[in-house]
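Some notes on the structure that comes next.
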Amino acid sequence: QVQLVESGGGLVQPGGSLRLSCAASGFTLEYYAIGWFRQAPGEEREGVSYISASDGSTYYADSVKGRFTISRDNAKNTVYLQMNSLKPEDTSVYYCAALLESTYYSGSPFLRPYDYWGQGTQVTVSS
């Protein structure tokens, strides 16, 4: 059974940190690019960060650049999103998605046809 499971969300004060995990089962994450997205109530889904499978290159939305870091541990079939200096506007449900890198894509990595999505984890930044 193919699954992506996010974890690590929670309540944190402004300025705090959280590390989200995206664990894959039923497929080998090594061959997949991973995108992190978030969606707040009443808002459109927003791409946050992306890491490729082929060379580990990364991409960040301007809103999180310098504060968030994406990384992957293929041995653990897991991708991480380290979130530092969190702000109230980071409050959202965070999702990870996997894209098999079998085709060359151009343009925004957040607009690619992801194959699998997780169920999301809630992140709340509040004092």
Side-chain angles (χ1 to χ4, degrees):
Q1 181 182 0
V2 171
Q3 265 192 316
L4 281 175
V5 178
E6 303 93 339
S7 62
L11 173 64
V12 64
Q13 291 187 340
S17 298
L18 284 174
R19 188 177 80 157
L20 304 185
S21 298
C22 171
S25 60
F27 67 101
T28 303
L29 200 64
E30 179 180 2
Y31 305 113
Y32 288 75
I34 297 294
W36 280 99
F37 298 80
R38 64 187 182 187
Q39 188 168 22
E43 303 288 332
E44 290 190 358
R45 187 175 64 201
E46 173 190 18
V48 174
S49 185
Y50 170 93
I51 186 166
S52 75
S54 56
D55 61 4
S57 57
T58 58
Y59 184 89
Y60 298 93
D62 287 343
S63 58
V64 306
K65 204 171 292 183
R67 300 188 297 122
F68 290 12
T69 303
I70 190 170
S71 62
R72 63 191 304 150
D73 185 340
N74 290 333
K76 295 184 178 179
N77 235 27
T78 301
V79 170
Y80 304 98
L81 184 67
Q82 179 67 43
M83 307 188 297
N84 299 329
S85 302
L86 283 161
K87 305 175 181 180
E89 51 262 45
D90 295 317
T91 295
S92 196
V93 178
Y94 283 72
Y95 302 88
C96 63
L99 170 67
L100 181 64
E101 280 193 346
S102 59
T103 304
Y104 172 76
Y105 292 100
S106 61
S108 170
F110 301 132
L111 299 179
R112 295 172 188 174
Y114 287 84
D115 298 290
Y116 308 119
W117 288 83
Q119 293 300 305
T121 184
Q122 176 70 47
V123 171
T124 303
V125 185
S126 175
S127 54

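Since we're looking at a predicted model, the values are computed, not measured.
- Here the CD1-OG1 distance, from Ile34 to Thr58, works out to 14.0 Å after rounding to the nearest 0.5 Å.
- Side chains of Asp73 and Tyr80 form a contact here, defined as non-hydrogen atoms less than 4.5 Å apart.
- In this structure, CD on Gln39 lies 5.5 Å from OH on Tyr95, to the nearest 0.5 angstrom.
- Remark: Tyr105 OH is packed, more than 12 non-hydrogen atoms of other residues, nucleotides or ligands lying under 6.0 Å away.
- We find the CE-OH distance between Met83 and Tyr94 to be 5.0 Å, quoted to the nearest 0.5 Å.
- A donor-acceptor distance shorter than 3.5 angstrom exists from the side chain of Ser92 to the backbone of Ala40, with no hydrogens or angles considered.
- Counting only residues at least two apart or in different chains, disulfide (SG to SG under 2.5 Å) contacts with residues 46-88 are absent.
- Between Lys65 and Asp62 there is a salt bridge, with a side-chain nitrogen of the basic residue lying less than 4.0 Å from a carboxylate oxygen of the acidic one.
- We find the CZ-CZ distance between Arg45 and Arg38 to be 13.5 Å, quoted to the nearest 0.5 Å.
- Residue Trp117 is not grouped with residue Val5 when hydrophobic side chains (ILVMFWY) are merged at heavy-atom distances under 4.5 angstrom, including chains of intermediate members.
- Residues Val48 and Leu111 fall into different hydrophobic clusters, defined by Ile, Leu, Val, Met, Phe, Trp and Tyr side chains chained together at heavy-atom separations under 4.5 Å.
- One hydrophobic cluster, built from ILVMFWY side chains closer than 4.5 Å, holds both Leu99 and Phe37.
- Grouping the Ile, Leu, Val, Met, Phe, Trp and Tyr side chains by contacts below 4.5 angstrom, directly or via other members, places Leu81 with Val125.
- With hydrogens and angles disregarded, a donor-acceptor distance shorter than 3.5 Å links the side chain of Glu101 to the backbone of Ala53.
- Of all heavy-atom pairs spanning Tyr114 and Gly35, the tightest one is CE2-N, 3.7 Å.
- Residues Tyr60 and Val79 fall within the same hydrophobic cluster, defined by Ile, Leu, Val, Met, Phe, Trp and Tyr side chains chained together at heavy-atom separations under 4.5 Å.
- The shortest side-chain heavy-atom distance between Tyr50 and Arg112 falls under the 4.5 Å cut-off.
- One N or O on the side chain of Asp115 and one on the backbone of Leu100 form a donor-acceptor pair closer than 3.5 Å.
- Side-chain contact check for Ser52 and Ser57: at least one donor-acceptor pair (N or O, by modelled atom type) lies under 3.5 Å.
- Rounding to the nearest 0.5 Å gives a distance of 9.5 Å between OH of Tyr32 and CG of Leu4.
- Atom CZ in Phe110 sits 6.0 Å away from atom OH in Tyr59 (nearest 0.5 Å).
- In the displayed structure, Gln122 atom CD is contacted under 6.0 Å by more than 12 heavy atoms of other residues, nucleotides or ligands.
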Pairs under 3.5 angstrom only: tabulate donor-acceptor contacts from the side chains of residues 8-29 to other protein residues two or more places apart or in another chain.
{"residue": "Ser17", "atom": "OG", "partner": "Asn84", "partner atom": "OD1", "Å": "2.9"}

### Query
Going through the distances and angles, do Trp36 and Phe68 end up as a ring-ring contact (aromatic ring centres under 6.0 Å, His included)?
CA-CA 11 Å; Trp36 280 99; Phe68 290 12; 9.7 Å; no
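- Residues Asp90 and Arg67 approach most closely at OD2-NH1, 2.7 Å, considering heavy atoms.
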